[in-house]
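Please read the structure below before turning to the comments.
What you see is a predicted model, and the numbers here were worked out from it, not measured in a lab. Residue numbering restarts at 1 for every chain, and letters A, B, ... go by the order of the sequence lines.
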2 protein chains.
Amino acid sequence: MKTSATREQIIEAADQLFYQQGFAHTSFSDIAGVIGISRGNFYYHFKSKDEILDAVINERLQNTQDMLDMWEEAASTPAARIRSYIHILLTNRDKIMRYGCPVGTLCGELAKLDHCERTESIRLFDLFRTWLRHQFTQLGHKEDADRLAMHVLAWSQGVATLANAYEDKDFIDQEIQMICTWLEAYTPPAKRPQHSSDALH
Amino acid sequence: MKTSATREQIIEAADQLFYQQGFAHTSFSDIAGVIGISRGNFYYHFKSKDEILDAVINERLQNTQDMLDMWEEAASTPAARIRSYIHILLTNRDKIMRYGCPVGTLCGELAKLDHCERTESIRLFDLFRTWLRHQFTQLGHKEDADRLAMHVLAWSQGVATLANAYEDKDFIDQEIQMICTWLEAYTPPAKRPQHSSDALH
DNA sequence: TAATAATTAGGACAAGCGTCCTAATGAGTC
DNA sequence: GACTCATTAGGACGCTTGTCCTAATTATTA
């Protein structure tokens, strides 16, 4: 059985709805309604709702890894690659203002539900963490690489949370600018690009 | 009708459970089980579940305001007051690692549920935002006061989100240190206390 | 003590949920 | 056309949910 078309549709619709409404608040009826199938035949493709969640997380893991690989090739310097990460705040700005960060909100919800898939969801954070750490290592930060990666992760998470609460476009833009300015202090002077820098940090 | 004892018990139990399990995932049975009352007499004290949520938010608003007022008196300088805020990350460290930030996670959940109490929950953020802004204003930051307040809010939210995901004590401690160090740069030199400062920012 | 009001317990209710079962439909092969 | 297998639709199921109703209980007052 290759990956069935219906199965793919279910995963995609669930992916969207889990993000927009949360996992627990999304029902089979919701998913079925979106793609126009009967509620009954979910169990031909999945054994349980949790298994759909597992498939959604794996889908996101794959997509995230692909995105990171793409950034790795597209951007020429580690600093530019980190900026690629920061700029998803801008690319997904409207969705973040409505639904928050898909990774942070999922991990948060599964933590509260004490759900067994919680561990899996954290692997999404791991992907970014490892990738960012790698970039900082390339910037010459041996000891601090992981701490800096966590710092960037936390920073972007905080921006997403407050952008979601206040639905504030300008706040996102400002913080992105601050992160980029902060980042320049961790870029080797030789490779440092010439930006305007009224450094806040 | 003064505030009934049972009513207070319901609000307090709901407050805890909404934090630990989330609002949607907490049932009347859950609350009833905790305080040992029947499921039936909720509707003597509240008209609906949403009204309980409203009462819980108002309770939190009151407690938060009291806490801010206390900090206002207890700490002698604006910088010390801001540090009071930062240190709730330390005081509530264990709970944050298990359940995240009570404000951030509630706002996030209500945003996904598109719940009518969402606006009320954001007032919790407003309380901190206004208070922090006031402190930064006192530090002499006229134009930037609100941006700096939002920055501190976002930073602490990010720390809570990742601390929750990774259940990492040390990460919280490190970030608190970073925030305090960062804060020194915004404290007038005359009043600036002598701390060790291997500044990361 | 008797009467009245406040408070509670317990269950009924309709609706929605995840799950499961079975008959019907579809596509592809002999 | 007949057969087989994959896929689907539709509904039944047991359970839980928020909500509501009513009788019982407790507290308060006369």
Side-chain angles (χ1 to χ4, degrees), chain A residues 1-58 106 109-110 112-118 120-121, chain B residues 1-58 106 109-110 112-118 120-121:
Chain A
M1 172 188 62
K2 301 288 286 293
T3 51
S4 144
T6 304
R7 186 187 153 92
E8 292 297 313
Q9 275 186 303
I10 292 174
I11 294 175
E12 188 189 332
D15 189 4
Q16 302 292 325
L17 289 173
F18 289 173
Y19 175 39
Q20 296 168 6
Q21 310 183 344
F23 166 71
H25 195 244
T26 298
S27 68
F28 283 80
S29 298
D30 291 333
I31 304 172
V34 168
I35 57 182
I37 63 168
S38 170
R39 229 173 58 264
N41 68 343
F42 276 86
Y43 284 78
Y44 177 77
H45 299 281
F46 301 95
K47 283 205 291 279
S48 67
K49 193 186 180 188
D50 290 350
E51 203 174 79
I52 298 181
L53 175 59
D54 187 68
V56 166
I57 293 176
N58 282 330
L106 180 65
E109 181 182 3
L110 297 185
K112 279 204 200 297
L113 298 182
D114 202 17
H115 197 286
C116 58
E117 287 288 330
R118 178 176 179 269
E120 284 299 301
S121 72
Chain B
M1 171 190 62
K2 302 288 286 296
T3 51
S4 146
T6 303
R7 187 187 152 92
E8 292 296 315
Q9 276 187 303
I10 292 174
I11 295 174
E12 187 189 333
D15 189 4
Q16 302 292 325
L17 289 174
F18 289 174
Y19 176 38
Q20 296 168 6
Q21 310 182 344
F23 165 71
H25 195 245
T26 298
S27 68
F28 283 80
S29 299
D30 291 333
I31 304 173
V34 167
I35 57 184
I37 63 167
S38 171
R39 231 172 56 264
N41 69 342
F42 276 86
Y43 284 78
Y44 178 76
H45 299 280
F46 301 95
K47 282 205 292 280
S48 66
K49 193 185 178 187
D50 290 348
E51 204 175 78
I52 298 181
L53 175 59
D54 186 68
V56 166
I57 293 176
N58 283 330
L106 180 64
E109 181 181 3
L110 297 186
K112 279 206 201 293
L113 297 182
D114 203 16
H115 197 285
C116 57
E117 288 288 329
R118 178 175 179 270
E120 285 299 301
S121 71

[X] side chain: which of [options] is closest?
X     : options                : answer
B:S27 : C:dT19, D:dT8, D:dT17  : D:dT17
A:Y43 : C:dG18, D:dA9, C:dA12  : C:dG18
A:S48 : D:dA9, C:dT8, C:dT19   : C:dT19
B:F28 : C:dT19, D:dG18, C:dG10 : D:dG18

Return no unless some side-chain N or O of [X] is found under 4.0 Å from OP1 or OP2 of [N].
X     : N      : result
A:S29 : C:dC17 : yes
B:Y44 : C:dT7  : yes
B:S4  : C:dA6  : no

* Atom CD1 of A:I31 to atom P of C:dC17: distance rounded to whole Å? -> 11 Å
* To do: Examine distances only and state if a side-chain atom of A:E117 and a backbone atom of A:L53 form a donor-acceptor pair shorter than 3.5 Å.
  => no
* Asked: Any donor-acceptor pair under 3.5 Å linking the side chain of B:S121 with the backbone of B:L106?
  -> no
* Asked: Where does the angle between the aromatic ring planes of B:F42 and B:F28 fall among parallel (under 30°), tilted (30 to 60°) and perpendicular (over 60°)?
  -> perpendicular
* So, does the side chain of A:S38 form a donor-acceptor pair with the base of D:dG10 at under 3.5 Å? -> yes
